Amino acid sequence: MSECPVIVWLRQDLRLADNDALAAAAARRVPVIPVYIWAPEEEDRWAPGTASRWWLSRSLARLDRSLRRLGSRLVLRSGPSLEALRDLVRSTGARALFWNRRYEPAAVARDAAVARTLETEGLEVRTFNSSLLFEPGSILNGSGGPYRVFTPFWNACLARMDLAKPAPAPRRLRAPASWPRASKLERLPIESRTSRTRGFETFWEPGEEGAEAELQRFLAAAMEAYPGGRDRPGERATSRLSPHLHFGEIGPRRVARQVGSAVLESPAARAVPGEAFVRQIGWREFAYHLLHHFPESPERPLDASFDRIRWSSDEKALRAWQEGRTGFPMVDAGMRELLATGWMHNRVRMIVASFLVKDLLIPWQAGAAWFWDTLVDADLANNTLGWQWTAGCGADAAPFVRVFNPALQGRRFDPDGEYVRRFVPELSRLPAGRIHQPRSNGGRSQALPGMEEGYGYPEPIVDHADSRRRALEAYRRARSSRRADA
Ligand code: FAD
């Protein structure tokens with residue numbers, strides 16, 4: 001019995017260090033079989049998108065390389081997960097299966113079914129939390145319900161914070177007498193054949209080592225200036241850890257302890273180094289806890305009156321937004337950054353989301369779906385929170401009537417136009433004073449010396465003042481029809 005292998009089912013925890021399931025398996029001193037199962041059909045509507053698949057295939061290759069250094073390897077299979085696990089149990093004689101929990105509704109349901117079935121068949125199943133600071137459902141307000149406002153939620157988290165020291169990577173993993181059958185990474189249809197992800201290598205290094213390098217860069221070069229710099233998309237002032245956190249190449253415990261030990265030691269302190277950063281990790285927690293309490297929220301607004309807004313179905317406007325051709329420089333720079341790199345700065349995510357939902361009156365779900373396909377950090381909890389927050393229908397959301405003005409946002413957060421210049425080359429020669437509103441002369445473009453009329457840059461697809469009024473009116477009607485029904 002004691003020599004029977006343990007299977008470790010890896011999913012969104014593609015790392016060796018600070019990985020509770022792997023550490024528990026290694027501690028048994030029996031052979032360990034790390035496995036990844038490609039089963040996109042088990043993710044409901046949220047199978048990984050194009051950019052995520054690009055990332056995932058590289059992350060799996062790196063994880064396999066790291067495991068081989070420990071005398072192990074990553075066994076790859078395709079789904080259905082239950083069948084793949086059953087087959088592995090049969091062929092290896094494993095008596096135990098460990099995994100770190102996932103919290104997306106489809107994964108929760110699938111995992112519960114897998115655990116039930118395999119336990120009935122005599123397998124020991126143990127699960128762990130390696131991707132959040134607190135188990136969703138464990139932080140509740142005074143009435144035993146979920147927090148809907150971030151600050152009290154985070155204060156409750158800080159009051160209970162007692163982070164265990166993350167376990168180091170195992171030094172060795174015992175291999176089984178013979179390895180089970182496995183698929184080759186190149187044979188699994190993980191990465192889509194597309195030119196859309198070309199060039200992503202320049203920006204990212206998927207995998208645990210890449211995550212560590214990004215964390216060290218942030219600590220050395222950006223952490224101190226983060227509270228002020230985090231809103232400047234032209235600077236590299238944030239950690240860019242989001243895809244690494246999503247795929248579990250680094251865990252929040254490790255990041256929070258390293259960046260925010262001062263905050264964790266003295267939760268009441270506000271002006272300690274790392275506070276602003278650890279707070280963002282808090283927003284990630286909040287997002288996961290909300291998804292747990294409101295599993296329908298990726299599709300449905302928390303504020304039901306949003307379903308009554310008369311949304312537009314203007315496909316042409318949606319395409320212009322997706323392709324960064326709206327004629328609003330901050331919006332276009334953001335959407336082009338997304339296409340070029342698979343990522344977008346948080347401030348700009350808010351600007352483009354507000355523009356889609358309010359200026360174009362296109363439902364937030366259409367924006368969330370586009371982000372899902374194009375972001376390397378696409379994450380069901382964070383994406384849902386981000387979209388519902390910006391649209392104004394989520395927990396602790398910005399009110400709908402707060403409509404971002406892209407030109408004002410640009411002048412405030414990209415004052416010298418650095419960011420727009422990087423992603424909208426048509427405007428690269430405009431001076432800072434003109435770059436966020438290249439057509440401020442009654443809507444007509446003015447040629448600068450050496451530039452052709454219009455700079456080859458699109459005319460604005462809407463008039464911001466008009467579209468703002470239209471949005472507020474649509475919202476007012478939706479609210480008053482709710483009152484009439486009540
Ligand atoms: P940093 O500023 O360095 O923050 C560190 C970490 O904290 C991030 O990596 C992330 O895990 C977490 N974090 C930061 N801000 C937020 C936030 N507002 N909400 C939740 N967690 C946060 N983030 C995703 O990871 N995946 C998404 O799919 C996603 N979609 C979004 C959609 C919209 C419309 C908006 C407005 C925001 C979205 N975010 C999403 C949140 C945020 O924009 C990104 O987490 C952040 O830009 C990632 O960059 P960073 O790692 O440099 O962040």
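Order of listing sets the numbers, starting from 1, for every ligand and every atom in it. Nothing here was measured: the structure is a model prediction, and the numbers come from that model.
If you number the atoms of ligand 1 from 1 as listed, the ones under 4.0 Å from a heavy atom of L241 come out as 9 (O), 51 (O). Atoms of ligand 1 found under 4.0 Å from any heavy atom of R284, numbered from 1 in the order shown, are 11 (O), 20 (C), 21 (N). The atoms of ligand 1 that sit less than 4.0 Å from any heavy atom of A378 are 28 (O). For ligand 1, the atoms lying closer than 4.0 Å to a non-hydrogen atom of S242 are 9 (O), 25 (O), 48 (C), 49 (O), 51 (O). Every atom of ligand 1 with a heavy atom of L245 under 4.0 Å away is listed here by number and element: 9 (O), 11 (O). In summary, the atoms of ligand 1 found under 4.0 Å from a heavy atom of W387, numbered by their order in the structure, are 32 (C), 34 (C). For ligand 1, the atoms sitting less than 4.0 Å from at least one non-hydrogen atom of T390 are 36 (C), numbered in the order shown with element in parentheses.
Residue-to-ligand polar distances keep W283 apart from ligand 1: every N/O pair is separated by 3.5 Å or more. Residue R230 has no N or O atom closer than 3.5 Å to an N or O atom of ligand 1. The shortest N or O to N or O distance between H345 and ligand 1 is not below 3.5 Å. When only interatomic distances are considered, the shortest N/O to N/O separation between N383 and ligand 1 falls below 3.5 Å.
The side chain to side chain contact (heavy atoms under 4.5 Å, CB included) search around R411 returns A407, L408, H436, Q437, not counting sequence neighbours. Partners of A222 by side chain to side chain contact (heavy atoms under 4.5 Å, CB included), not counting sequence neighbours, listed by chain and number: R217, F218.
By the 30° and 60° cut-offs, the orientation of the rings of H244 relative to W204 is perpendicular.
One option in M350, Q280, E214, E285 has a heavy atom closer to atom 22 (C) of ligand 1 than any other, and that option is Q280.
Contact annotation for F286 and ligand 1: no heavy atom of the residue comes within less than 4.0 Å of the ligand. The proximity of F218 to ligand 1, defined as any non-hydrogen pair under 4.0 Å, does not occur for either the backbone or the side chain. Residue-level proximity to ligand 1 for F371 is carried by the side chain, the only part with a heavy atom below 4.0 angstrom. At a heavy-atom cutoff of 4.0 Å, ligand 1 is contacted by no atom of W389, backbone or side chain.
For atom 1 (P) of ligand 1, the nearest protein heavy atom (residue, atom name, distance) is Y226 OH, 3.6 Å. With hydrogens left out, the protein atom closest to atom 40 (C) of ligand 1 is R349 NH1, 3.2 Å, a heavy atom.
For F286 and W154, the distance between ring centers is not under 6.0 angstrom.
Within the 4.5 Å cutoff, side-chain heavy atoms of E337 are placed close to those of Y419.
Both cation-pi conditions hold for K358 and F400: the charged atom is under 6.0 angstrom from the six-membered ring centre and inside a 45 degree cone around its axis.
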* For E249 and R62, what are the C-alpha separation, side-chain angles and deciding distance, and is it a salt bridge (Lys or Arg N to Asp or Glu O under 4.0 Å)? -> CA-CA 10 Å; E249 298 165 353; R62 307 250 152 98; over 6 Å; no

